[in-house]
A.B. asks: 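First the structure, which I've put down as structure tokens, then a few questions once you've had a look.
Throughout, a chain's letter reflects where its sequence line sits, starting with A, and its residues are numbered from 1.
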There are 2 protein chains.
Amino acid sequence: MLVAARRASALYGQDQHTVTLTEGRPPAPRYGSRPTMKDVAGRAGVGLKTVSRVVNGEPGVTLETRRRVQEAIDALGFRRNDSARVLRKGRTATVGLVLEDLADPFYGPLSRAVEEVARAHDTLLINGSSAHDPCRERELALALCSRRVDGLLVVPAGPDHRYLEPEMNAGIATVFVDRPARGIAADTVLSDNHGGARSGVAHLIAHGHRRIGYIGDLPRIHTAAERLRGYRTAMEEAGLPVRPGWVSLGSTAPERVRRAAEEMLGGPDPVTALLTGNNRVTVTVVRVLAEREPHRPVALVGFDDFELADLLRPAVTVVAQDAAGLGRVAARRLFDRLERTDLPPAVVELPTRLVVRGSGELPPAG
Amino acid sequence: MLVAARRASALYGQDQHTVTLTEGRPPAPRYGSRPTMKDVAGRAGVGLKTVSRVVNGEPGVTLETRRRVQEAIDALGFRRNDSARVLRKGRTATVGLVLEDLADPFYGPLSRAVEEVARAHDTLLINGSSAHDPCRERELALALCSRRVDGLLVVPAGPDHRYLEPEMNAGIATVFVDRPARGIAADTVLSDNHGGARSGVAHLIAHGHRRIGYIGDLPRIHTAAERLRGYRTAMEEAGLPVRPGWVSLGSTAPERVRRAAEEMLGGPDPVTALLTGNNRVTVTVVRVLAEREPHRPVALVGFDDFELADLLRPAVTVVAQDAAGLGRVAARRLFDRLERTDLPPAVVELPTRLVVRGSGELPPAG
DNA sequence: TAGAGTCTGGACATCGTTGTCAGGCAGGGA
DNA sequence: TCCCTGCCTGACAACGATGTCCAGACTCTA
């Protein structure tokens, strides 16, 4: 079967690889040549509607006719065209999920959970990433609306979701996940970001820390703002000041986070403990702390659990969110709404859980 | 805006949460009430085709007419129905990606890379998980064919892909990723599993190990078999025997892997080093090794890189696959094939890279 | 044997869009 | 004035399926 093997890096850009050519199938026929129900009907010598009945398992076809039709279907390789079906029936049995980044480990379980619920409703899930870009979020969500998904789950990246209002009014069920929509009333499923951050900081305070910093995501992102609020609440409740330089908000790019951490730890007014605002930030901070080995250890509580947190030394104490739970609850809400379009919008908040593992229990310096 | 807040665990099963009801929008109108081009045409006082021209930015419409149409579109909240469009045009500008598990960190970057390529071709990506189940793989792939995706990327879970032959002949471009298809000739993009495993084991041998075990995925999975072959090749090249009990293949469920590792390390013929067959296995084995702390350390090389591998102690030496590269190359091949349907099927193999971090360099006992 | 009722199969309109084609209108040249 | 060209515009068929409705064949009963 092998015909040739050669280097062909040029073909696919930077990626080095080996190409092995194999004997070809006959070239595929031009697109659009797929057999239709009409073709099947012709070959089986029956009417169009009879084929439709067989394909959809509807009653009212004799065994013999059914057999003849099935034979024609197999012979021609017929497969029903769902685009046409959708056009006639109105429902697509498809829902869309717009999230930030498929490669972020937080979204894997979330997406997976949504898919399971969708599957239980015989519905296909389309998911796409906005790559943290409000513009792409909008493009993607509207593209899904054009395909007439029955429903839409959105993890907002943008600051304004009024663009979805006409779509929602036109009957596309929409649920926001992880962050609320801005500018419209809609179903929303959130984590208890404020409470979670507050309990994380309280935990550090209980272990003797007084100088605690917070490194978080962009302030325009709801979760980042809420977690900051939780941090401030906990500090205030303990009567502790938040000094200038103890809060750093910005992108989760490793360079930015690294700089923030180094300034907080090495500046004139250093902190002895840190709360990190999500798993991307935590991972970078863990790396910074590991590089400071000879220094006195710094206490850390991370928002979001992550795989292997328990195997690092010290193991990382986290405020765990239930990502799968967010997805599951949001998806269920979506399907509820598909059945009863008159539900008033609701906000659901899932609790977080402090997972104590060691890094938050380190005593402060001195 | 807040109307009520209460516990409502019953509503959404096990998940604990708080529901906050908010003032409702007017109920969404029944489905199917969306305005069509006909409605827009009526309101703007122009013909149907003129609306189509405006919506698609086709030339041959005066500025004034265009303005009137646009006004009607905005007023009615019209959005083109892509199902109907697809029916007429034949192409869906959609490709499907069938993988094993969206929550597996290996697939995040892969899926992300595919999405980027698709986006560059103005194409929507639908991805779904087979959950390692051949049956679901088939269901999902055929469901995507029914929706008439233009192309399909498949990470095979099943043992036989002849079911896709009619679809491929009917013009659905198909590329297999990470594992070859069985039973049909098709484009395929793989990692160099044999070479990677071989170099990983050779690395352990170079550091003095003679008793090396392999814990891998189910033997019916191509990558698992190839990596096993690489392991055997390396052992053979070094003139080392592979003793009974040194190879364990099976599911990647933590319990199974844990048992395998404990038997290999604690049995009558213990190994001093391990090659683990993928990131799921590696993570579990790292956990087992960590629990054996007082014991003499065991050397480890893992197939697949994973986040934080460098921060564990010892840091984990891995055979890194380029997951994003697999996705990128496969997606490019898919779009090539969409343009030139007469390409002969090719197999592309991407190199792996040994990333030395410490765990593979531990000396053997004695 | 006729009449009533049941079962099976097919003709036809329809979903919302796009491609084809022809008509209408203005301006310029004969 | 008439014709021709070129530009806009709209009527109509088609894409592939489903729902409605009716015709014809058949069974069963009186």
Side-chain angles (χ1 to χ4, degrees), chain A residues 30-70 72-73 76-93 143 145-150 170-171, chain B residues 30-70 72-73 76-93 143 145-150 170-171:
Chain A
R30 63 176 178 72
Y31 188 91
S33 68
R34 288 209 78 142
T36 70
M37 284 193 178
K38 204 167 154 187
D39 301 324
V40 174
R43 178 166 178 127
V46 302
L48 189 54
K49 181 64 202 189
T50 300
V51 177
S52 170
R53 289 204 182 91
V54 172
V55 168
N56 294 295
E58 285 169 26
V61 183
T62 47
L63 213 63
E64 165 56 17
T65 309
R66 190 176 295 275
R67 197 192 53 70
R68 274 217 324 281
V69 170
Q70 190 57 54
I73 288 177
L76 295 174
F78 167 81
R79 179 164 303 279
R80 183 178 63 196
N81 183 331
D82 271 354
S83 288
R85 176 167 218 254
V86 155
L87 181 59
R88 194 63 174 74
K89 298 201 75 132
R91 287 252 162 159
T92 53
C145 291
S146 279
R147 316 237 161 178
R148 297 291 188 269
V149 293
D150 296 332
Chain B
R30 63 174 179 73
Y31 187 92
S33 69
R34 287 208 80 139
T36 71
M37 286 194 177
K38 203 166 154 187
D39 300 324
V40 174
R43 181 167 175 125
V46 302
L48 189 54
K49 180 65 203 190
T50 300
V51 177
S52 171
R53 289 205 182 87
V54 172
V55 169
N56 294 296
E58 285 169 27
V61 182
T62 45
L63 213 64
E64 165 57 16
T65 310
R66 190 176 294 275
R67 197 194 50 72
R68 275 219 320 284
V69 170
Q70 191 58 54
I73 288 177
L76 296 173
F78 167 80
R79 179 165 301 280
R80 183 178 62 196
N81 183 331
D82 272 353
S83 288
R85 175 168 220 251
V86 155
L87 180 59
R88 193 62 177 75
K89 298 200 77 128
R91 288 252 162 161
T92 53
C145 291
S146 278
R147 316 236 163 181
R148 295 293 187 269
V149 292
D150 297 333

A.B. asks: Just to be sure I understand the rule, does B:Val46 reach a base, reach only the sugar-phosphate, or reach nothing, if contact means heavy atoms closer than 4.0 Å?
C.D. replies: sugar-phosphate
A.B. asks: Taking only residues two or more places apart in sequence, or in another chain, which ones meet A:Arg68 in a side-chain hydrogen bond (donor to acceptor under 3.5 Å, both in side chains)?
C.D. replies: none
A.B. asks: Checking A:Arg53 now: which residues fulfil side-chain hydrogen bond (donor to acceptor under 3.5 Å, both in side chains) with it, not counting sequence neighbours?
C.D. replies: none
A.B. asks: From the options D:dT18, C:dT17, C:dG9, select the nucleotide whose nearest atom is closest to the side chain of A:Val61.
C.D. replies: C:dG9
A.B. asks: Quick one about A:Asn56 and A:Arg80 (side-chain donor to acceptor, distance below 3.5 Å, no hydrogens or angles considered), yes or no?
C.D. replies: yes
A.B. asks: Just compare C:dG10, C:dT18, C:dG16 and give me whichever is closest to any side-chain atom of B:Leu48.
C.D. replies: C:dT18
A.B. asks: Using only side-chain N and O atoms of B:Thr65, determine if any of them is under 4.0 Å from OP1 or OP2 of D:dT9.
C.D. replies: yes
A.B. asks: Between C:dT18 and B:Arg80, is there an OP1 or OP2 to side-chain N/O distance shorter than 4.0 Å?
C.D. replies: yes
A.B. asks: For B:Leu87 and for A:Gly47, locate the closest nucleotide of DNA chain C by heavy-atom distance; then report the residue assigned to the nucleotide nearer the 5' terminus.
C.D. replies: A:Gly47
A.B. asks: So which pairs with a foot in residues 35-51 of chain A pass side-chain hydrogen bond (donor to acceptor under 3.5 Å, both in side chains), sequence neighbours left out?
C.D. replies: none
A.B. asks: Choosing from D:dT9, C:dT17, D:dG16, which nucleotide comes nearest the side chain of B:Thr62?
C.D. replies: D:dT9
A.B. asks: Looking at B:Arg85, I'd like to know whether one of its side-chain N or O atoms comes within less than 4.0 Å of OP1 or OP2 on C:dT18.
C.D. replies: yes
A.B. asks: So which protein N/O to nucleotides 19-25 of chain D N/O distances come out below 3.5 Å?
C.D. replies:
unit_1, atom_1, unit_2, atom_2, d
D:dG19, N7, A:Lys49, NZ, 3.0

A.B. asks: Suppose we screen for side-chain hydrogen bond (donor to acceptor under 3.5 Å, both in side chains). Which residues come up paired with A:Thr62, at least two apart in sequence or across chains?
C.D. replies: A:Thr65
A.B. asks: Within the 4.0 Å heavy-atom criterion, would you say A:Asn56 contacts the bases, only the backbone, or no part of the nucleic acid?
C.D. replies: sugar-phosphate
A.B. asks: Run the side-chain hydrogen bond (donor to acceptor under 3.5 Å, both in side chains) test against A:Gln70 and tell me which residues pass, sequence neighbours left out.
C.D. replies: A:Asp74
